[in-house]
Number of protein chains: 2
Amino acid sequence: MVESVKNLSEKLSERGIRPSYQRIKVLEYLVQNRCHPTVDQIFNHLIKEIPTLSKSTIYNTVNLFIESDLLKPIGIEDNEVRYDIDTSDHGHFKCESCGKIFDFAIDIENLTTEDLKGFRINDKSVYFKGICPECLKNKKDNKKI
Amino acid sequence: MVESVKNLSEKLSERGIRPSYQRIKVLEYLVQNRCHPTVDQIFNHLIKEIPTLSKSTIYNTVNLFIESDLLKPIGIEDNEVRYDIDTSDHGHFKCESCGKIFDFAIDIENLTTEDLKGFRINDKSVYFKGICPECLKNKKDNKKI
DNA sequence: TATATATTTGTAATCATTACAAAAACGATA
DNA sequence: TATCGTTTTTGTAATGATTACAAATATATA
């Protein structure tokens, strides 16, 4: 699914965000690279196309997108924030071996508890950690040696 | 429930951690202050009792405790890590207004998904954010003015 | 007691993120 | 289209949590 610049521009305008060249490029990267990138990854990719790009712009832009509910920060890592353009409810699994982050479907809607009666819940996050199938396989292979 | 220094010392020894004075004091603070403190909070409290205390020691100690499954880091905040001495399964709610963190019971054990077939899951975290009852009440009160 | 080992301490380094001001781009208006 | 005000981008400096590391101290063992 390739989204045209026109669509991306409209998506920004809908949310009251002026569709500057940099903002469109950041959104385009996020839509096309759904690997939950860090600011560094976004920056290092786009600097090739936009030589004058500043890392500040990436920070400004992702924070703007977050405020407009266009993007969700993922706090599964301790050291750096990752970003997810898919704002629908789902969980995140981080492989402790390769570091990759996987999405998984989970019924977050019905995730409730008596203990939070009287609380207003704005956001729910579900983070799992462990080892992904590929890394498990490699581990097994290594044992044979 | 007051835990004696002897019990705390034994708890450390059980896990193969030498019960130094600083380690016992950190563990004591964690057991008695279950507010999910930051390194700074632990340090600022204990410096009163141990004037020579270094913040490095707090970092060393909490990381040691985490490796020994005596303590769990909570990554619900973006900027700093909090620590939970209660390592049993439960969720964490962070009030976006007062910043307080609340524990809540939730059936994490049965939180599963077809999507993670073949994955080894080592750890599950459930983080909710929103407004706690007290802050909701204050908000309402302020509107009356 | 002497010696080896573990722990603590203090400082320097790291690194992601934010703050801020100057420069550049943009938009509206005449 | 030229001008003026506003928004956005950029680059650098500042911040702040955490880690690295080496010297000092405490502890265990022989």
Side-chain angles (χ1 to χ4, degrees), chain A residues 5 8-9 12-13 15-29 36-68 70-83 94 99 101, chain B residues 5 8-9 12-13 15-29 36-68 70-83 94 99 101:
Chain A
V5 170
L8 294 170
S9 179
L12 292 176
S13 297
R15 310 262 175 164
I17 299 171
R18 284 236 294 254
S20 74
Y21 179 61
Q22 287 85 343
R23 287 169 179 171
I24 289 170
K25 280 296 177 187
V26 170
L27 182 58
E28 186 183 58
Y29 178 81
H36 318 91
T38 63
V39 160
D40 251 60
Q41 286 176 294
I42 302 169
F43 175 78
N44 286 322
H45 185 269
L46 293 182
I47 189 75
K48 297 173 203 155
E49 287 181 75
I50 315 167
T52 61
L53 188 65
S54 164
K55 206 174 273 186
S56 297
T57 302
I58 309 297
Y59 279 105
N60 290 339
T61 304
V62 293
N63 288 335
L64 183 68
F65 287 0
I66 289 167
E67 276 167 40
S68 311
L70 209 62
L71 193 64
K72 270 193 75 171
I74 308 177
I76 199 169
E77 305 242 23
D78 352 285
N79 48 342
E80 60 187 354
V81 180
R82 293 180 167 273
Y83 301 92
K94 185 190 173 188
I101 293 182
Chain B
V5 170
L8 295 169
S9 180
L12 291 175
S13 297
R15 312 261 175 164
I17 298 172
R18 285 234 296 253
S20 72
Y21 179 61
Q22 287 85 342
R23 286 169 179 171
I24 289 170
K25 280 296 177 186
V26 170
L27 182 57
E28 186 181 57
Y29 178 81
H36 319 90
T38 63
V39 161
D40 250 61
Q41 286 176 294
I42 301 169
F43 175 78
N44 286 322
H45 185 269
L46 293 181
I47 189 74
K48 296 173 205 157
E49 287 180 75
I50 315 165
T52 60
L53 187 65
S54 163
K55 205 173 276 184
S56 297
T57 302
I58 309 297
Y59 278 106
N60 289 340
T61 305
V62 293
N63 288 335
L64 183 68
F65 287 0
I66 288 167
E67 276 167 39
S68 310
L70 209 62
L71 193 64
K72 269 194 75 172
I74 308 177
I76 199 169
E77 305 243 21
D78 351 286
N79 46 340
E80 60 187 353
V81 179
R82 293 179 167 273
Y83 301 93
K94 185 191 175 190
I101 292 181

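Throughout, protein chains are lettered first and strands after them, A, B, ... in sequence-line order, and every chain is numbered starting at 1.
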J.: Does a nitrogen or oxygen in the side chain of A:Gln22 sit under 4.0 Å from OP1 or OP2 of C:dA25?
T.: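 A:Gln22 to C:dA25 OP1/OP2: no side-chain N or O under 4.0 Å.
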
J.: What integer distance in Å separates B:Ile50:CD1 from C:dG10:P?
T.: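 Result: 12 Å.
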
J.: Flag the pair B:Val62 / B:Ile42 as yes when at least one side-chain heavy-atom distance between them is below 4.5 Å, and no otherwise.
T.: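 Heavy-atom side-chain distance check passes, below 4.5 Å.
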
J.: Rounded to the nearest 0.5 Å, what separation is found between the CD1 atom of A:Ile47 and the OG1 atom of A:Thr52?
T.: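 One gets 7.0 Å once the value is rounded to the nearest 0.5 Å.
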
J.: Could you tell me whether B:Asn60 contacts a base, only the sugar-phosphate backbone, or nothing, with contacts defined as non-hydrogen atoms closer than 4.0 Å?
T.: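 The residue B:Asn60 makes base contact.
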
J.: Evaluate the side-chain proximity of A:Arg23 to A:Leu64: yes if any heavy-atom separation is below 4.5 Å, no if none is.
T.: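 Side-chain contact under 4.5 Å: yes.
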
J.: Can you find a side chain N or O atom of B:Arg18 that sits less than 4.0 Å from OP1 or OP2 on D:dT27?
T.: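 No, no such contact exists.
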
J.: On DNA chain C, compare the nucleotides closest to B:Arg23 and B:Pro51; which residue's is nearer the 5' end?
T.: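 Result of the comparison: B:Arg23.
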
J.: Indicate, with a heavy-atom threshold strictly under 4.0 Å, whether B:Ser20 touches base, sugar-phosphate, or nothing.
T.: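 Contact class for B:Ser20: sugar-phosphate only.
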
J.: Counting distance alone, no hydrogens or angles: does the base of D:dT12 have a donor or acceptor under 3.5 Å from a partner atom on the side chain of A:Ser56?
T.: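 A donor-acceptor contact between them is present.
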
J.: Hey, does the side chain of B:Tyr59 come within less than 4.0 Å of D:dT19's phosphate (OP1/OP2), counting only N and O?
T.: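 Checking D:dT19 against B:Tyr59, no side-chain N or O comes under 4.0 Å of OP1 or OP2.
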
J.: 5'-most contact on DNA chain D: B:Val39 or A:Ile17, nearest heavy atom basis?
T.: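 That would be A:Ile17.
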
J.: For D:dT19, does OP1 or OP2 lie under 4.0 Å from any side-chain N or O of A:Asn79?
T.: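 Negative; the distance criterion is not met.
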
J.: Using a 4.5 Å cut-off on heavy atoms from C-beta on, say whether the side chain of B:Val39 contacts that of B:Tyr59.
T.: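 The answer is yes; the side chains approach within 4.5 Å.
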
J.: With sugar-phosphate meaning primed atoms plus P, OP1 and OP2, does A:Thr52 contact a base, only sugar-phosphate, or nothing at under 4.0 Å between heavy atoms?
T.: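 The residue A:Thr52 makes sugar-phosphate contact but no base contact.
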
